[in-house]
> 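Got a structure here, written out as structure tokens. Questions coming.
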Amino acid sequence: MRTTILLFVISVIIVYGGLLLPQTLLINEQIEINSSSSHISEYLYDLPKWEKWLDWQKWDETSDTEYIYSQFPQGVGAFMKFKDKNDSKNIEKVELYIQSISNKNVSNSNFEKLKYIANFKTSQTHIEGEFELKSVIENNTNNERSTLNFTLEIDLGENPFIRYLGYLYYKPKIERESNTSLERLKKLCENPIFCKK
């Protein structure tokens with residue numbers, strides 16, 4: 001009897017603790033890049049160029065994933081879809097699209113903020129992400145230096161156990177992948193072989 005009561009109390013504590021965790025998992029990362037904001041934004045508003053720096057997918061031919069882009073894969077409304085090559089049902093795993101772009105001028109390729117949405121169909125996960133670019137010109141060298149802020153919001157739903165999984169497993173994993181992706185982007189934009197400043 002005591003054991004049953006103890007297990008019940010522990011279960012209640014675990015469930016209640018999970019419900020106290022925020023429903024929205026928030027990831028914030030920032031990186032300094034020695035390049036112009038106009039050049040950096042080229043790798044963000046053009047979805048096929050995500051292949052060059054995004055870490056959480058394998059982009060080579062050996063991957064089991066097929067990537068499908070919209071007819072115009074740049075700017076607002078552009079999307080890419082992920083499908084399993086071996087899936088006979090041809091079901092999409094992920095759909096990602098650019099929701100909005102805020103900029104000072106009419107060019108989408110030189111923006112201040114870019115928001116995108118990703119829907120993971122298999123896990124029914126909804127993600128909202130944002131890139132924010134700020135640039136300053138250094139007085140001594142006249143070179144442009146940019147700060148890229150990356151924010152990711154993931155809706156974990158009402159299930160307390162999913163929330164535990166999100167905060168204990170997925171949050172550190174996503175933070176590692178985000179850092180690796182941003183470092184790749186930094187290297188890509190600062191390397192004169194790959195980019196023209």
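Counting begins at 1 with the first residue of the sequence.
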> Got Tyr45 and Leu114 here, is their nearest side-chain heavy-atom distance under 4.5 Å?
yes
> At what distance, to the nearest 0.5 angstrom, does CZ of Arg145 lie from CG of Asn34?
7.0 Å
> What pairs with Lys81 under salt bridge (Lys or Arg N to Asp or Glu O under 4.0 Å), at least two apart in sequence or on another chain?
Glu92, Glu95
> Could you tell me whether Arg163 and Glu158 have a side-chain N and a carboxylate O separated by less than 4.0 Å?
yes
> Under the side-chain hydrogen bond (donor to acceptor under 3.5 Å, both in side chains) rule, collect the residues that match up with Ser70, sequence neighbours excluded.
none
> As an exercise, state the distance from CZ of Phe150 to CG of Leu185, rounded to the nearest 0.5 Å.
11.0 Å
> For Tyr167, what residues pass the side chain to side chain contact (heavy atoms under 4.5 Å, CB included) criterion, not counting sequence neighbours?
Leu21, Pro22, Leu25, Leu156, Lys171
> Taking the six-membered ring where the residue is Trp, are the ring centres of Trp50 and Tyr116 under 6.0 Å apart?
yes
> How close do Leu47 and Met80 get, heavy atom to heavy atom, and via which atoms?
CD1-N, 3.8 Å
> Between atom CD of Glu175 and atom OH of Tyr170, what is the distance when rounded to the nearest 0.5 Å?
15.0 Å
> Looking only at heavy atoms, what is the nearest atom pair of Val76 and Ile101, with distance?
CG2-N, 3.8 Å
> Measure the spacing between NZ of Lys52 and CG of Leu188 and express it to the nearest 0.5 Å.
7.0 Å
> Could you tell me if the side chain of Lys83 sits less than 4.5 Å from the side chain of Ile68, heavy atoms only?
yes
> Regarding Glu32 and Thr147, is there a side-chain donor-to-acceptor distance under 3.5 Å anywhere?
yes
> Check whether any side-chain heavy atom of Asn119 lies under 4.5 Å from a side-chain heavy atom of Ile127, and answer yes or no.
no
> Quick check for you: to the nearest 0.5 Å, what is the distance between Ile40 atom CD1 and Ile31 atom CD1?
9.5 Å
> With a 4.5 Å limit on heavy-atom distance, are the side chains of Glu112 and Leu133 in contact?
no
> Does Leu182 offer a backbone N or O that forms a donor-acceptor pair with the side chain of Trp53 under 3.5 Å?
no
> Let me check something: do Leu44 and Phe72 share a hydrophobic cluster, defined by ILVMFWY side-chain heavy atoms less than 4.5 Å apart, either directly or through other members?
no
> Only counting residues at least two apart or in another chain, list the ones meeting side-chain hydrogen bond (donor to acceptor under 3.5 Å, both in side chains) with Glu130.
none
> Taking the side chain as every heavy atom from C-beta outward, state whether Ser100 and Ile98 have any atom pair closer than 4.5 Å.
no
> Has Lys115 got a side-chain atom pairing as donor or acceptor with Glu128's backbone, closer than 3.5 angstrom?
no
> Can you name the residues that form a side chain to side chain contact (heavy atoms under 4.5 Å, CB included) with Asn179, not counting sequence neighbours?
Glu29
> Show your reasoning for whether side chain to side chain contact (heavy atoms under 4.5 Å, CB included) applies to His126 and Ile154.
CA-CA 6 Å; His126 178 79; Ile154 305 173; over 6 Å; no
> Just to verify, what does Asn28 make a side chain to side chain contact (heavy atoms under 4.5 Å, CB included) with, not counting sequence neighbours?
Leu26, Thr151
> Considering only heavy atoms from C-beta outward, does the side chain of Leu148 approach that of Glu132 to under 4.5 Å?
no
> Under a 3.5 Å distance rule, please check whether Ser146 uses its side chain to pair with a backbone N or O of Ser35 as donor and acceptor.
yes
> List in chain and number order the residues that pass side chain to side chain contact (heavy atoms under 4.5 Å, CB included) with Thr180, two or more places apart in sequence or in another chain; answer none if no residue qualifies.
Asp55, Arg184
> So, taking the atom named NZ in Lys113 and the one named OG in Ser41, what distance separates them when rounded to the nearest 0.5 Å?
15.5 Å
> Which other residues end up in the same hydrophobic cluster as Ile117, if Ile, Leu, Val, Met, Phe, Trp and Tyr are linked when side-chain heavy atoms come under 4.5 Å apart?
Phe79, Tyr97
> Quick one: side-chain hydrogen bond (donor to acceptor under 3.5 Å, both in side chains) partners of Gln99, sequence neighbours excluded?
none
> What's the shortest heavy-atom distance between His39 and Cys189, and which atoms?
CD2-SG, 3.9 Å
> Minimum heavy-atom separation for Ser135 to Glu144, with atom names?
CB-OE2, 3.1 Å
> For Glu183, enumerate each residue passing the side-chain hydrogen bond (donor to acceptor under 3.5 Å, both in side chains) test, keeping only those at least two apart in sequence or located in another chain.
none
